[in-house]
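Worksheet for the structure shown next.
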Amino acid sequence: MDRTTLDLWVGIFVAAGVAALIGLAMKVGNLTSGQVGATYEIIAAFENIGGLKTRAPVRSAGVVVGRVGEIRFDNETFEAKVTLRIDTSYRFPKDTFANIYTSGLLGEQYIGLEAGGDEEMLRDGDRISHTQDAVVLEKLISQFLFSKAEDGATKEAQ
Amino acid sequence: MVPMLDRLTHALRGIGHRVIDRVWRLGGAARFFLYTLVLSGESFRRLHLTIREIYYTGVLSLIIILVSALFVGMVLGLQGYNTLQKYGSADAVGVLVALSLVRELGPVVTALLFAGRAGTAITAEIGLMKATEQLSAMEMMAVNPIARVVAPRFWAGVISMPLLASMFSMMGVFGGYLVAVPLIGVDEGAFWSQMQANVDWREDVLNGIIKSCVFGVACTIIALFEGYDAPPTAEGVSRATTRTVVNSSLAVLGLDFVLTSFMIG
Amino acid sequence: MSDNIVEIRELSFAYNGRLLHKGINMRIPRGKVVAIMGGSGSGKTTLLRLIGGQLKPSCGEVRVEGQVVHALDRSGIYCMRRKMGMLFQFGALFTDLSVFDNVAFPLREHTDLPESAIRDLVLLKLNAVGLRGARDLMPSQLSGGMARRVALARAVALDPALIMYDEPFAGLDPISMGVIVNLIRSLNDALGATSIVVTHDVHETFAMVDYVYFVSNGVVVAEGRPDELRASELPFVHQFVHGEADGPVPFHYAAPDYRQDLLRGAHA
């Protein structure tokens, strides 16, 4: 194996390795889906965020319009303060609803924005006033059992 | 009674002797590692030495790595689909395949295959060079064999390993894709989008690369040391190659646990 | 400057707990071809390694060009080794390099000469050993004698002042042996170097060397010019030179009484 052929094969090898690395980063990982555009921040307060995590998607009408930034606990209102980073090309009215949904039955949680009818738009640093908490499974089950017990009691009373 | 006591003490002494022997060897290996690092300047000043070794350790391992990756990915896809579809989450098979490969199987299986193929080749080559007095001849010609022979092979191994691991993971994902989408019929869009949403660059891909770099260091230095330390006989070299595979595999699996606990915790 | 290029004084060397050398005294004068002879396992090759600094003596000293070898630091030893050439027992050619690259190896490692100058030097050395036409062959394609000759060309590539030969005649056919004998003598004289030949080939060696040291049981038992030793009456020298089966070096390895051994076997 003379020098030049050897060098060629090593060059191909290293190039293929680097390409695989880049491929892993782009296609398999989420390097590209990291936000590259400009964003503005709005804050939403929830009583219970359930399993919401940072960098979870913020969707409106099912389309990803932003990502969840910080999640903080407000010690005065005892609520969760979630910072949403929305792409600047999307504007939402001041009376937008922010709800926490679950994708699929047991999937990850995300924030869904439902636009209201206000003419004024949310700006950087504004708060969303209408929020709906995440559905917590235990509460749902206890509600269900409670309503079942109520039905049973009313039937007996009748 | 007395002969049994004798045999017991003899066995204990044997264990003690072997433990001390291992510790001595470990010390020797650590010193060897240090020398290799210190004398690495030449590997980079005369890059063609290292490039030549990258060919022999990396390029020649490509075929076994890629073929194994394809099969591992395909099996992952099959097994993953088999279990996931019971919970209605067949769409997640892409995530399963990608995470398994990128986090664990890519670095670890590549390292084990590397130890078996390239590691034994390195051990045998250096052991034979020692047995045929080539290393002695080099020393007598005032050329430090560690700088000239050992260090380029070390850096070649360290450079090749993460590249091979990345190629393993890519090929494995492709194998999983082949089984899941055309063969079984999982939705192509769901396959890729779920994967991209759940595989993180920093936590998964980068950690996997770090792991494979560490494994590269471990496997290569073990292979080099066993060859350098082998008794200069045919039997000595053959035992050294066996030790390379065994010690490399144990080191890789042990380091994997240590690194994973660091990365997760 | 001393007349001796190598001086060994009261050298003792222990290996694996066993004392191999017990007080060796030798002087290798400049420009001569000196042979070190002895039975197998008498530590002849180890002497070469002690001279080359690969091993450290337990007692005594080895001086090369007036410097004590084991007192030198690593760079000092490497400096000294550049003035030495060593021919290993079976050549020890680098199996991954061609004949040309093998001979060029010391030149490329220790000099900054351009490739054209290196090429000329390599061809010169290969021509001296008669293998200029084999320059592109790989070591695996060479016969034993040819490999030995290439190794010789490599050993003299830097025109060393001291050339050491470790059993250069081992396993060679008569023609190759004759070639090597010729080369050792002619190269030594042409380069103005000193040669030390470790061997146990009496016939070839006596024909070409100037002085002989006999080593047995860790000491020098005899020394002198070849004709002196051929006529020597010392029992060891006589047994060695004439190839007698039994003498000071016994035929039988240490064993219990023969009759006892056989009888014990009958009862066991």
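Below, read A as the first sequence line, B as the second, and so on, with proteins coming before strands; counting in each chain starts at 1.
- Atom CZ of B:Arg31 has 12 or fewer neighbouring heavy atoms from other residues, nucleotides or ligands inside a 6.0 Å radius.
- We find the CD-OG1 distance between B:Glu133 and C:Thr45 to be 8.0 Å, quoted to the nearest 0.5 Å.
- By the 6.0 Å contact criterion, CZ on B:Phe44 is enclosed, its count of non-hydrogen atoms from other residues, nucleotides or ligands being greater than 12.
- Across C:His110 and B:Met141, no two heavy atoms sit closer than the pair NE2-O, 2.5 Å.
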Practice item. Starting from the C-alpha separation in whole Å, work towards a yes-or-no answer on side-chain contact (heavy atoms from CB on, under 4.5 Å) for B:Gln134 and C:Leu93. Key: CA-CA 6 Å; B:Gln134 289 179 45; C:Leu93 293 178; over 6 Å; no

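- Within 6.0 Å of atom CZ in B:Phe174, 12 or fewer heavy atoms from other residues, nucleotides or ligands are found, so the atom counts as exposed in its surroundings.
- Other residues, nucleotides and ligands contribute only 12 or fewer heavy atoms inside 6.0 Å of the CZ atom of C:Arg132.
- The neighbour count for B:Asp21 CG, taken as heavy atoms of other residues, nucleotides or ligands under 6.0 Å away, is above 12.
- The neighbour count for B:Arg239 CZ, taken as heavy atoms of other residues, nucleotides or ligands under 6.0 Å away, does not exceed 12.
- Salt-bridge annotation for C:Arg49 and B:Glu139: absent, with no side-chain N of the basic residue lying under 4.0 Å from a carboxylate O of the acidic one.
- In this structure, the separation between CG on C:Asp166 and OG on B:Ser136 is 9.5 Å, given to the nearest 0.5 Å.
- For B:Leu12, the CG atom is densely surrounded, since the number of other residues' heavy atoms within 6.0 Å is greater than 12.
- Distance check, rounded to the nearest 0.5 Å: CD of C:Glu109 to CE of B:Met138 gives 8.0 Å.
- No side-chain heavy atom of B:Thr132 sits less than 4.5 Å from a side-chain heavy atom of C:Phe88.
- By number of non-hydrogen pairs under 4.5 angstrom with chain B, the leading residue of C:Arg154, C:Met80, C:Met164, C:Met84 is C:Arg154.
- In this structure, the side chain of C:Arg82 does not engage the main chain of B:Ala142 through any donor-acceptor pair within 3.5 Å.
- Looking at every heavy atom in both residues, B:Asn144 comes nearest to C:Tyr78 through CA-OH, 3.2 Å.
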